[in-house]
Amino acid sequence: MTLTPGGPNDNAATQAAVEQCRRDVIAHIDDKGDQLRNAIEGLQTKKNDDADADTMKKLAHALELCKEAKEMTTVFADEMRAELAKLDKKIADVAADAHLRLCLHMNDCNAIHQPPKMGHPAILDSPWNLNAWTEDMKGKMLVDGDHFGCEEHRFRYVYSRLHPDVQCLVLAQLHFAQATGLWDHEEIFNILQATYLTAPF
């Protein structure tokens, strides 16, 4: 049986359902076992002819099958509980990791920002200014990186220092960062370098 991760409450409910199913199946097996034992006892009180002896063997075999089914039901329920316990641990680990990442992100973005020490680099509006602008912007990130608090803020600041025509070149990277949470302002430099180095002027 394939188990799909759900919330802790879902797994607790599944655990209870597995236990109830185990009890129901074992109760049914016990009931059938009682019927078989009663039939065997009834035959034992009668004359032990060949027909009764053959029936006794069949009933005894059926009783053994009931015992095996009962054991298999218990083993299956134990395996199900073990799988659910593993899923609970995985869910707890993922939740703890997500919580830690969120706390780190919030602490980073909500940190006490240092006042900036440098002025704003010029707006990049021409490929001829790319190298000088890139050096200015890298210097800004080196000196005032803590002022922005987190990488998303740094990315957005670098993006804001681009002319709208230039912003179009890195718009796809902005959308990627928004979708994945992978903010890296260095990618803006890389994209612009790659674009302008191969563009015919």
Side-chain angles (χ1 to χ4, degrees), residues 1-17 79-201:
M1 180 176 181
T2 302
L3 297 177
T4 303
N9 291 337
D10 291 338
N11 276 359
T14 305
Q15 287 271 20
E79 290 175 350
M80 287 287 292
R81 280 193 288 266
E83 287 297 318
L84 288 168
K86 290 178 184 178
L87 281 176
D88 277 337
K89 185 178 184 306
K90 287 182 180 179
I91 292 168
D93 289 345
V94 170
D97 182 65
H99 179 69
L100 176 61
R101 290 175 181 272
L102 179 61
C103 288
L104 290 175
H105 178 75
M106 292 181 66
N107 288 340
D108 193 19
C109 287
N110 294 333
I112 299 175
H113 298 175
Q114 299 296 324
K117 300 180 179 68
M118 290 181 60
H120 300 297
I123 298 293
L124 177 63
D125 58 1
S126 168
W128 310 114
N129 301 328
L130 176 61
N131 289 336
W133 176 88
T134 300
E135 291 304 315
D136 286 347
M137 188 59 71
K138 287 184 176 180
K140 176 71 172 177
M141 292 296 105
L142 178 65
V143 175
D144 288 336
D146 291 341
H147 167 72
F148 299 101
C150 65
E151 183 56 34
E152 179 182 352
H153 293 175
R154 286 186 279 272
F155 184 102
R156 291 187 179 278
Y157 176 79
V158 175
Y159 183 81
S160 73
R161 305 309 295 170
L162 302 174
H163 186 276
D165 292 340
V166 183
Q167 286 179 344
C168 293
L169 300 176
V170 295
L171 190 60
Q173 184 64 30
L174 173 62
H175 291 163
F176 172 81
Q178 289 173 328
T180 63
L182 301 175
W183 299 92
D184 184 0
H185 70 276
E186 292 280 348
E187 283 300 312
I188 295 179
F189 303 148
N190 296 337
I191 292 170
L192 294 178
Q193 285 287 347
T195 301
Y196 286 145
L197 284 176
T198 58
F201 295 117

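- A donor-acceptor pair is defined here as one N or O able to donate and one able to accept, closer than 3.5 Å; such a pair exists between the side chain of R161 and the backbone of P121.
- Going from atom OG1 of T195 over to atom CG of N190 covers 10.5 Å, rounded to the nearest 0.5 Å.
- Once rounded to the nearest 0.5 Å, the distance linking OH of Y196 with CG of L124 reads 5.5 Å.
- Between Y157 and H120, the two ring planes are tilted [angle within 30° to 60°].
- You'll find the side chain of I191 stays beyond 4.5 Å of the side chain of I188, heavy atoms only.
- A donor-acceptor contact shorter than 3.5 Å is absent between the side chain of W183 and the backbone of H153.
- Between H185 and F189, the ring planes are perpendicular. Angles over 60° get that label, and only those under 30° would be called parallel.
- With rounding to the nearest 0.5 Å, the separation of CD in E186 from CZ in F155 is 11.5 Å.
- Taking every heavy atom of both residues into account, M118 and D144 meet most closely at N-OD2, 2.9 Å.
- Note: K117 NZ to L142 CG = 10.5 Å, rounded to the nearest 0.5 Å.
- None of M141, K140, E187 except one satisfies the side chain to side chain contact (heavy atoms under 4.5 Å, CB included) rule with V158; the exception is M141.
- When side chains are defined from C-beta on, D184 counts as touching E151, because their heavy atoms get closer than 4.5 Å.
- Atoms CD1 and CD, from I123 and Q167 in turn, are 8.0 Å apart once rounded to the nearest 0.5 Å.
- Judged purely by atom type and a 3.5 angstrom limit, R154 has no side-chain atom pairing as donor or acceptor with the backbone of F148.
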- Task: Evaluate the side-chain contact (heavy atoms from CB on, under 4.5 Å) criterion for residues L162 and V170: first the C-alpha distance (whole Å), next the side-chain angles of each, then the deciding distance (0.1 Å), finally the verdict.
- Result: CA-CA 10 Å; L162 302 174; V170 295; 3.7 Å; yes
